[in-house]
Amino acid sequence: MNMKKLISLVLIIALAICCLTITAAAESEGKVYRTYMSSDCPILNGHDSVETSLDTPIGYCSAFLYRSVPDEDGLGYHYIGDIAAELPEEVSENVWQIKLREDACWSNGDPINADTFMYSYKMLLDPVLANQMADFLSDYNITILNAKDYSLQGTANTIAWEDVGIKKIDDYTLEITVATPCTQTDVCSHFSQINRANAPVYEPLYEAGMNAERTSTTYGTTLDMWMSCGPYTFDTWTFDSIQIYKKNENYWLADLFNYDTVEVRVIPEMNARVELWEQGMLDYLSPDANTIETYIDDPRMVEYSSLTVYHIDVNCKNPENPLSGSLAYRKALYHAMDRQTIAEDIFGYQEPSGVYVNGQAGILSESKEIYRESEAGKSVAEMVESWGPYGYNPELAREYLAQAYEECGLSEDAVVTLTMAFDESDTAWKATAEYLMEEFPVIFEGKVQLQIKTYAGMSTTDFKTTTDVWDLSPNDWTRGASRTYPYTCFYYYLSSYGSHPNNYFDEEFEAQYAVCDSDEVKSDYSRLLEETAKLETIYLDKVIHIPMVQAVNYEMFSSRLSLPVTTYIPGFGWGTMYGDIVE
């Protein structure tokens, strides 16, 4: 046994012993739901972290204006007031009023009222704090009047806070003015647990953590600097190990929640997750490419298409790569990807994709027509297939590389070495990189080599802010709003999005996004599909990213867990938060 395997085995045993101890203690206190996340939260401040790991603690331990809950028959979901006392009411054109319940409070008993939200939303949009998640308030399911311009103005002071469409009417009434028409469902979704950024923050701690220049706050860096207000209180946070939440009996909707304790272990390695699952110490498991074969016929296995299209970011500004800014170079890379082999053999039971708009896009639209199944979406897929299977065409890749060499003034015998960077714990992308290390020299006749660079303890976004010396980097940004408006899956790749994962922007692409985003087009779904197809075509022509794999989710739940829905529900999931333990 080599040293790496020995260390892994020791860690698994240690984790199992630790989990047995924690679980035994917790289960003496009632019903315990046991799950995991692959990495811990960098901070608990939902205003300023793009990491989806925050969804778990904020979802369980924060309250929102509205909450999506399962229908009684388990076939769907609906919205109810959470901190809001009732569903929003449109009091005049594009103006919505939200009444707040007067019994809402923080876990320490302090009241939550209109002032709580006025402060929370002003800080989230603050142009000096420049929070990464400001767009999730200004422009997600609804577009709040002047909110985005206010948040992006920096120190210009050309737009006053009073001009933003968020107002306090009285101590328990908020008024939201939107820039474009929206529905009651849009408002509820925007301010629900699906949007972690819009949970309220606790003003005393947010202010206590503020620096003198008011450019940052330490709010959420520790449990002492964060406050719960949801169905659970955040009881224990052992970083990179475990999070434990305890039921908040003072929460006004406590009867909706059945677990007494929620244990969320941080388990980066799949082997450790499988070991705990087999020992009955996890209630949930999502197998990866290396373990899916073991469980594919397990009767507990469920599967469904997801919002995720795994893709590869291409660095257009690597100072050490002479081809870095070339479009022909990016096209060469696009056509050099054997997506079918990567999706089926490396990722395991996933779907290859040479297109970018995901398989759920449009599923919650009024017509329920999924973009990929529409004539417009199919036309783009057919264009890609005309190039080769899912766009794979080694001959075309070589032609584009030769064009890039000529454009960039490289001699025919020059060899370019590309760096592919990814999290060291990501086994599927590691295997993909190793596969491409073998494929690229063959496809490109020795002119392109690939080397691997791994990182740990940081997100892909954080890694890219520390260096420009990389060429390829896997990513999987998703946009829930694309279930209603398919084009919004491209939102993160616009120059206007502050935490964009790419560094290449194109005026034609951004202009077409604006067309899709116009009221005229959004109100006509058939035309919206057509305009989205134009946007996706530009995306492919400019190779803003390289789409690779349409993710198919495979999940298992333990027999002791009773779920509140009968099937996966797009936009809601399995409702595990509302589940029950039936031992």
Side-chain angles (χ1 to χ4, degrees), residues 11-44 46 51-63 107 193 196 199 220 222-224 226-251 254 256-288 291 300 425 555-564 573-583:
L11 288 173
I12 291 172
I13 294 171
L15 181 60
I17 293 172
C18 177
C19 290
L20 282 170
T21 303
I22 293 171
T23 300
E27 290 186 340
S28 66
E29 301 175 14
K31 298 177 179 180
V32 182
Y33 172 58
R34 304 165 303 203
T35 186
Y36 66 88
M37 59 175 78
S38 60
S39 60
D40 211 332
C41 308
I43 56 173
L44 298 175
E51 300 308 311
T52 56
S53 55
L54 272 72
D55 285 342
T56 301
I58 291 180
Y60 277 97
C61 301
S62 286
S107 59
Q193 75 266 31
R196 64 185 180 276
T222 66
L223 283 186
D224 290 338
W226 191 77
M227 184 67 69
S228 302
C229 64
Y232 293 85
T233 59
F234 202 147
D235 182 77
T236 303
W237 187 11
T238 305
F239 192 76
D240 270 349
S241 179
I242 193 168
Q243 298 179 2
I244 298 177
Y245 320 138
K246 297 290 187 179
K247 188 170 183 180
N248 178 9
E249 297 296 344
N250 295 322
Y251 176 62
L256 293 176
F257 301 88
N258 300 301
Y259 313 134
D260 297 294
T261 302
V262 176
E263 295 177 4
V264 184
R265 300 182 180 95
V266 181
I267 315 175
E269 291 192 357
M270 179 55 68
N271 287 342
R273 298 174 204 166
V274 169
E275 183 68 23
L276 293 179
W277 169 262
E278 292 295 337
Q279 293 179 15
M281 289 189 286
L282 285 178
D283 293 310
Y284 167 82
L285 180 69
S286 179
D288 67 0
T291 55
R300 295 170 295 182
S425 66
E555 299 176 313
M556 294 190 294
F557 299 94
S558 69
S559 57
R560 68 193 288 271
L561 181 65
S562 175
L563 295 171
W574 294 99
T576 52
M577 182 181 294
Y578 305 102
D580 201 358
I581 303 300
V582 294
E583 288 180 319

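Starting from 1, each residue takes its place in the sequence as its number. Just so you know, these numbers come straight off a predicted model, no measurement behind them.
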Mind checking the [atom1]-[atom2] spacing from [X] to [Y]? Nearest 0.5 Å is all I need.
X: Cys41; Y: Trp226; atom1: SG; atom2: CH2; result: 9.5 Å
X: Met577; Y: Leu256; atom1: CE; atom2: CG; result: 11.0 Å
X: Arg273; Y: Thr291; atom1: CZ; atom2: OG1; result: 9.0 Å
X: Leu223; Y: Cys61; atom1: CG; atom2: SG; result: 9.0 Å
X: Asp235; Y: Asn248; atom1: CG; atom2: CG; result: 11.5 Å
X: Arg265; Y: Thr35; atom1: CZ; atom2: OG1; result: 9.5 Å

Heavy atoms only: give me the nearest [X]-[Y] pair and the separation to one decimal.
X: Thr233; Y: Ser107; result: CG2-CB, 3.9 Å
X: Leu54; Y: Leu44; result: CD2-C, 4.1 Å
X: Glu249; Y: Ala254; result: O-CB, 4.3 Å
X: Met37; Y: Thr56; result: CE-CB, 3.8 Å
X: Leu561; Y: Val582; result: N-CG2, 4.5 Å
X: Ala199; Y: Ile58; result: CB-CG2, 4.1 Å

Phe234 backbone acceptor or donor facing Ser228 side chain under 3.5 Å =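 The answer is yes, because a donor-acceptor pair under 3.5 Å joins these two groups.
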query = For the side chain of Lys247 and the backbone of Phe257, is there at least one donor-acceptor N/O pair under 3.5 Å apart?
reply =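 Indeed, once roles are kept as given, a pair shorter than 3.5 Å links the two residues.
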State, with a plain yes or no, whether a side-chain heavy atom of [X] is found less than 4.5 Å away from one of [Y].
X: Gln243; Y: Asp40; answer: yes
X: Asp240; Y: Pro268; answer: no
X: Ile244; Y: Thr261; answer: yes

message = Going by salt bridge (Lys or Arg N to Asp or Glu O under 4.0 Å), name the residues that satisfy it together with Asp283, two or more places apart in sequence or in a different chain.
response =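 Testing Asp283 for salt bridge (Lys or Arg N to Asp or Glu O under 4.0 Å), a comparison that skips the adjacent residues, returns Arg34, Arg560.
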message = Once salt bridge (Lys or Arg N to Asp or Glu O under 4.0 Å) is applied, do any residues pair with Asp55, and if so which ones, sequence neighbours excluded?
response =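 Salt bridge (Lys or Arg N to Asp or Glu O under 4.0 Å) list for Asp55, sorted by chain: Arg196.
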inquiry  = If the test is ring-ring contact (aromatic ring centres under 6.0 Å, His included), which one of Phe557, Trp574, Trp277 qualifies with Tyr284?
reply    =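 Running ring-ring contact (aromatic ring centres under 6.0 Å, His included) over Phe557, Trp574, Trp277 with Tyr284 returns exactly one hit, Phe557.
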query = Do Tyr33 and Tyr259 have ring centres separated by under 6.0 Å?
reply =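 Ring-ring flag for Tyr33/Tyr259: true, centres closer than 6.0 Å.
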Steps toward side-chain contact (heavy atoms from CB on, under 4.5 Å) verdict (Val266, Phe239) = CA-CA 8 Å; Val266 181; Phe239 192 76; over 6 Å; no
